[in-house]
Amino acid sequence: MTVIPMTTDVPHQLIVITGPTAVGKTSLTIQIARHFFTEIISADSRQFYKEMRIGTARPSKTEMKAVPHHFIGHLSIHDPYNVSRFENDALSKLEDLFSKHHIVLLTGGAGLYINAVCSGIDELPDPDDSLREGLKELYLKGGIAALLDRLKDLDPDYYRTVDRANPKRLMRALEVCITTGQTYTSLRKNKPKPRDFRVIKIGLFRDKEDLAKRISDRTDAMMAEGLLDEVKSLYPFRHLNALNTVGYKELFQCIDKEITLSQAVEKIKTNTRRYAKRQMTWFRKDEDIRWFHADDVEGISRMLDAGCWMLDAG
RNA sequence: GGCGUCGUAGCUCAGAUGGUAGAGCAGAGGACUGAAAAUCCUUGUGUCACUGGUUCGAUUCCAGUCGAUGCCA
């Protein structure tokens with residue numbers, strides 16, 4: 001029997017499985033996890049919430065039993081949460097898991113969250129509720145112009161490069177400047193943080209028609225499973241950020257009689273397609289991702305079993 | 001069968017008293033550092049149903065054909 005000793009010269013490996021929504025990450029990741037007798041960390045910013053089960057395509061009970069999953073349903077929609085917290089939570093969970101496994105899997109479709117785990121994000125202050133309220137107020141009263149005015153003062157460099165039409169970006173930058181007394185620009189180092197594990201990123205793709213079909217089928221399946229009831233039960237909380245989510249917001253509109261049920265279902269499908277598209281534009285930029293067709297289990301296994309990726313610098 | 005209305009971008013529709021056309025949605029591309037399934041940006045050439053006629057010129061006017069639809073029979 002060969003036991004690989006847990007020493008520093010054998011690097012821990014984080015295998016990241018990513019790709020657009022509905023591409024088939026869940027089942028493939030479970031297969032790989034079983035192959036390596038390891039566990040899965042989810043980087044899916046909506047599967048975190050315990051109240052959102054059907055609409056987020058959470059892995060089934062059987063699937064979760066087959067392989068331990070982490071960060072699925074561990075939060076309530078009422079809990080404030082963000083990437084930075086996820087970075088911390090995931091890192092400490094990884095430390096724990098790496099004491100038992102050489103290889104751990106991370107899967108999900110939120111590129112920002114994955115990057116936070118793999119290379120970290122800058123130290124910036126968490127949002128402050130009352131300040132955020134104030135900025136929202138400023139925006140409502142004075143519009144984008146008011147935000148821009150303020151930013152021009154507080155961080156002229158960022159003012160030059162921001163997307164000036166994006167209120168959320170502007171408000172966040174202002175928030176950081178005001179709470180720290182420093183410019184947002186100066187705090188954004190954009191330097192990867194060292195990690196004591198290696199990362200390999202696997203991207204799953206499918207052609208457009210195939211993905212669209214899967215999205216459509218999955219949406220129908222969610223409806224058959226009772227999405228509408230799930231959404232109804234969350235209706236009182238529809239203004240929470242967690243519920244500003246594809247599959248939920250459209251059905252809220254239906255409950256509000258703004259659109260019909262079949263219109264809502266169609267809208268869920270097109271919004272999911274658009275989400276998948278946005279994910280792809282994010283992932284395309286990431287040169288570390290090795291792409292495989294989502295059905296190419298053979299190819300992925302071959303690559304992983306060859307183990308040559310373990311020798312990659314990283 | 002008669003009379004009327006309509007036929008313009010993938011969809012819903014606007015428009016030009018005749019000089020080959022434009023919105024919304026969809027689609028496509030992009031951005032992205034604590035709200036990220038979020039938020040935001042860019043992007044519109046299409047036999048203007050078909051066939052003739054009038055005209056320097058017709059998608060626009062006229063006639064016919066076909067299709068849709070409404071009313072009357």
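Remember, it's a predicted structure, so these values are computed and weren't measured experimentally. Below, chains carry the letters A, B, ... as their sequence lines are ordered, and counting in each starts from 1. Computation of the quantities below employed the complete heavy-atom set of this structure, encompassing side-chain atoms and omitting hydrogens, waters and symmetry-equivalent molecules.
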Practice task
Return the nearest nucleotide to the side chain of A:W282; candidates are B:A35, B:G27, B:A36.
Solution key: B:A36
Exercise for the section: State whether A:R278 places a side-chain N or O below 4.0 Å from either non-bridging phosphate oxygen (OP1 or OP2) of B:C32. Expected result: no
Exercise for the section: Assess the side chains of A:D89 and A:Y81: does a donor N or O sit below 3.5 Å from an acceptor N or O? Expected result: yes
Problem - Phosphate-side-chain proximity, A:T281 and B:A31, N/O vs OP1/OP2 below 4.0 Å - result: yes
Exercise for the section: Scan every strand shown for a Watson-Crick or G-U wobble partner of B:U47, both distances under 3.5 Å, and answer none if you come up empty. Expected result: none
Problem - Mate of B:U20 where both pairing distances stay under 3.5 Å, Watson-Crick or G-U - result: none
Handout entry: Closest listed nucleotide, where the reference is the side chain of A:R46 and the choices are B:G27, B:G34, B:A38
Key = B:A38
Practice task
Please tell me which of the listed nucleotides, B:U33, B:A31, B:A36, lies nearest to the side chain of A:N241?
Solution key: B:A36
Problem - Donor/acceptor link under 3.5 angstrom from A:K277 side chain onto base of B:A28 - result: yes
Exercise for the section: Would you indicate which nucleotide in B:A31, B:G34, B:C40 comes nearest to any side-chain atom of A:D126? Expected result: B:G34
Exercise for the section: Ignoring backbone atoms, test whether A:K168 places a side-chain nitrogen or oxygen under 4.0 Å from the OP1 or OP2 oxygen of B:C40. Expected result: no
Handout entry: Test side chain to side chain contact (heavy atoms under 4.5 Å, CB included) applied to A:L204 and A:I17, step by step
Key = CA-CA 7 Å; A:L204 268 28; A:I17 314 278; 3.8 Å; yes
Practice task
Please check if the side chain of A:N271 supplies one atom and the backbone of A:V246 the other of a donor-acceptor pair under 3.5 Å.
Solution key: no
Handout entry: Pi-cation contact, A:Y275 with A:R278 (under 6.0 Å, within 45°)
Key = no
Practice task
Measure from NZ or CZ of A:R238 to the centre of the six-membered ring of A:Y248, then state whether that distance is under 6.0 Å and the direction lies within 45° of the axis.
Solution key: no
Fill in the blank from the handout: Relative to its sugar, using the 90° cut-off around 0, the base of B:G34 is syn
Exercise for the section: Taking only the side-chain heavy atoms of A:P167 (C-beta and beyond), determine which of B:U33, B:C40, B:A31 contains the nearest atom. Expected result: B:C40
Problem - Nearest-neighbour nucleotide for the A:K136 side chain, B:G27, B:A35, B:A31 considered - result: B:A35
Problem - Distance below 4.0 Å between A:R169 side-chain N/O and B:A31 OP1 or OP2 - result: no
Exercise for the section: Compare the minimum distances between each of B:A31, B:A26, B:A35 and the side chain of A:R274, then state the nucleotide with the smallest one. Expected result: B:A26
Problem - Closest listed nucleotide, where the reference is the side chain of A:M171 and the choices are B:U39, B:A35, B:U33 - result: B:A35
Problem - Base-pairing mate for B:U55 - Watson-Crick or G-U, with both contacts under 3.5 Å - result: none
Problem - Below 4.0 Å: OP1/OP2 of B:U33 and any side-chain N or O of A:N82 - result: no
